[in-house]
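Written below as structure tokens is the structure these notes are about.
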Protein chains: 2
Amino acid sequence: MMTTYTKAAGAPLTERQEARRRRILRATTRLAAQGGYDAVQMREVAELSEVALGTLYRYFPSKVHLLVATMYDQLEQLGGQLRRKPNKGLPPRDRVVDTLLRAFRGMQREPHLTEAMMRALQFADRSVSAEVDGVSRITTEMILDAIHEDLSVEPSTEELAVIRVITHTWHSSLISWLNGRASIAQVRLDIETVARLIPDEEPAAAAARAAAEDTRGE
Amino acid sequence: MMTTYTKAAGAPLTERQEARRRRILRATTRLAAQGGYDAVQMREVAELSEVALGTLYRYFPSKVHLLVATMYDQLEQLGGQLRRKPNKGLPPRDRVVDTLLRAFRGMQREPHLTEAMMRALQFADRSVSAEVDGVSRITTEMILDAIHEDLSVEPSTEELAVIRVITHTWHSSLISWLNGRASIAQVRLDIETVARLIPDEEPAAAAARAAAEDTRGE
DNA sequence: GCCAATATTGAAACTCGTTCTAGATTACGC
DNA sequence: GCGTAATCTAGAACGAGTTTCAATATTGGC
């Protein structure tokens, strides 16, 4: 769970292949951080990672796949960092806001990289579903971790819906900020606003209530 | 306000030019409805609308501009339709849900067209800010109309934040549905969930309270 | 170690968004 | 109406994502 776990384990990848894959992701991150989405040019990525263009396409079947995979990779690292600061003591809602704002601050440090990954994520079509779902899953886990101090509780349908809405808001308002259509303050306000959907009871009580609701709902 | 009002009135456009513009938008709509984003190819649009490629680019400086303009155009028509059904009697929250679900049903009828417009909207970068803002404005007005029976009230900052969050959710969950990553039921649930942010008081009372809050906040 | 299957390389080719050019055509002030 | 500036047309050309292919290298099974 904490070590590199390959997304779908389609092929076991030899050591050299794993190294190639990492070189590609590193090159992508570098180019994206410098010039954003447009600067990630497949020929450049291939050259920088010392891999033939055809090989690049064998590993990542499109530019969007490549950037979504990069996002997944970055999120795994970020996730580790965020988990290290448990921000206990706050009510769940504030913990979520705190987590998202901290992530946001991280992204402000690499706006081009963020832009490249977010544009790809939003532009992705069905052919990238699997990869996008991966990103979605890891994001959900991150928010879930922030809500529950106890990590073992099973999230309710209701809770998952709230988390989806939070994620939607998070992505869209990030895009607005990147495009200069929203200020940092506005992003923060939007996050605080959507976080109101999280009940402010004790996590345990909330879980219990949600579970009860789960039984009747559907 | 109800007649065709040109977005920025940059140039007054002669009659033939206005006709060209409409031909282009019509061709775009047609192609998009048939095959979605990928089927909207600039050469095809130019040919279908009987305009030279260079001219197409003079009217719409990129494919994304073109599709966002198409979305604006479609929204204007949709707005007229939605306004005709005032769905009175319901609390504001339900009116909003009702409006969005009705819009959603409209989009289900033309999934390819929806996909083309939404992908472009989400992919748009800063160079399309003005046009995206136009779409954003018309969407906000639509939701605002649904919240207030009285159209003349000035929206509060708080209310605008809620509307932004609703719009974010609306766009993102639509994309998820188009990409096959969310079911229709899930989109509906997400809309109902985010709508909980709308206070269920009388519109007048809500406005008053929001105004008061406005004074102290920010 | 050897063979067959698979992966990698390098380079050309193809597609579609976008730009550019040169020559008509149209709009408009006088 | 006339001349000029702006607009439009047809088509070539360019750029970046993607595909293809023959030649070469690596890997895994025996």
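By convention in this document, chain letters (A, B, ...) are assigned in the order of the sequence lines, proteins followed by strands, and residues within each chain are numbered from 1.
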Revision key, fill the gap. For B:S176 and A:H168, the nearest pair of non-hydrogen atoms, with its separation, is OG-NE2, 3.9 Å
Point to revise | Atom pair distance, as rounded to whole Å: CD in B:E50 and P in D:dT9 | key: 10 Å
Review point. Taking everything shown except A:E47 itself, do over 12 heavy atoms lie less than 6.0 Å from its CD?
Key: no
Check your understanding: Whole-Å distance between C:dT9 C1' and A:R23 CZ?
Key -> 13 Å
Study note, to complete from the structure: Rounded to whole Å, CZ of B:R119 lies from C1' of C:dG17 at a distance of 15 Å
Exercise for review: Give the rounded distance in Å between these two atoms: CG of B:L56 and P of D:dA10.
Suggested key: 13 Å
Practice item. Identify the heavy atoms of A:L100 and A:W170 that sit nearest to each other, and give their distance. Key: O-CH2, 3.5 Å
Review point. Should the pair A:K63 and A:Y37 be classed as cation-pi, given the thresholds of under 6.0 Å to the six-membered ring centre and 45° from the axis?
Key: yes
Practice item. Decide, yes or no, whether a salt bridge links B:D133 with B:R137 under the criterion of side-chain N to carboxylate O below 4.0 Å. Key: no
Review point. Taking protein heavy atoms under 4.0 Å as touching, what does nucleotides 18-30 of chain C look like 5' to 3' if B marks base contact, S marks sugar-phosphate-only contact and - marks none?
Key: BB------SS---
Point to revise | B:R58 CZ to C:dG17 P, straight-line distance once rounded to whole Å | key: 21 Å
Exercise for review: Could you pick out which residue, A:T55 or B:V40, lies toward the 5' side of DNA chain C when each is mapped onto its nearest nucleotide?
Suggested key: A:T55
**Study point:** Atom-pair distance (CD on B:E47; P on D:dA10), nearest Å
**Key:** 10 Å
Check your understanding: If we only count heavy atoms from C-beta on, is the B:E110 to B:T29 side-chain gap below 4.5 Å?
Key -> no
Exercise for review: Measure from the side chain of A:Q41, starting at C-beta and using heavy atoms only, and say which of D:dG17, C:dT8, D:dC8 lies closest.
Suggested key: D:dG17
Exercise for review: Please work out if A:F60 contacts a base, only the sugar-phosphate, or nothing of the nucleic acid, heavy-atom cut-off 4.0 Å.
Suggested key: nothing
Check your understanding: For A:E15 and C:dA7, what is the distance between atoms CD and C1' respectively, to the nearest whole Å?
Key -> 17 Å
**Study point:** Side-chain N,O (A:Q17) to OP1/OP2 (D:dT26) below 4.0 Å
**Key:** no
Check your understanding: So among A:I147, A:I143, A:L197, A:I191, which one has a side-chain contact (heavy atoms from CB on, under 4.5 Å) with A:I166?
Key -> A:I143
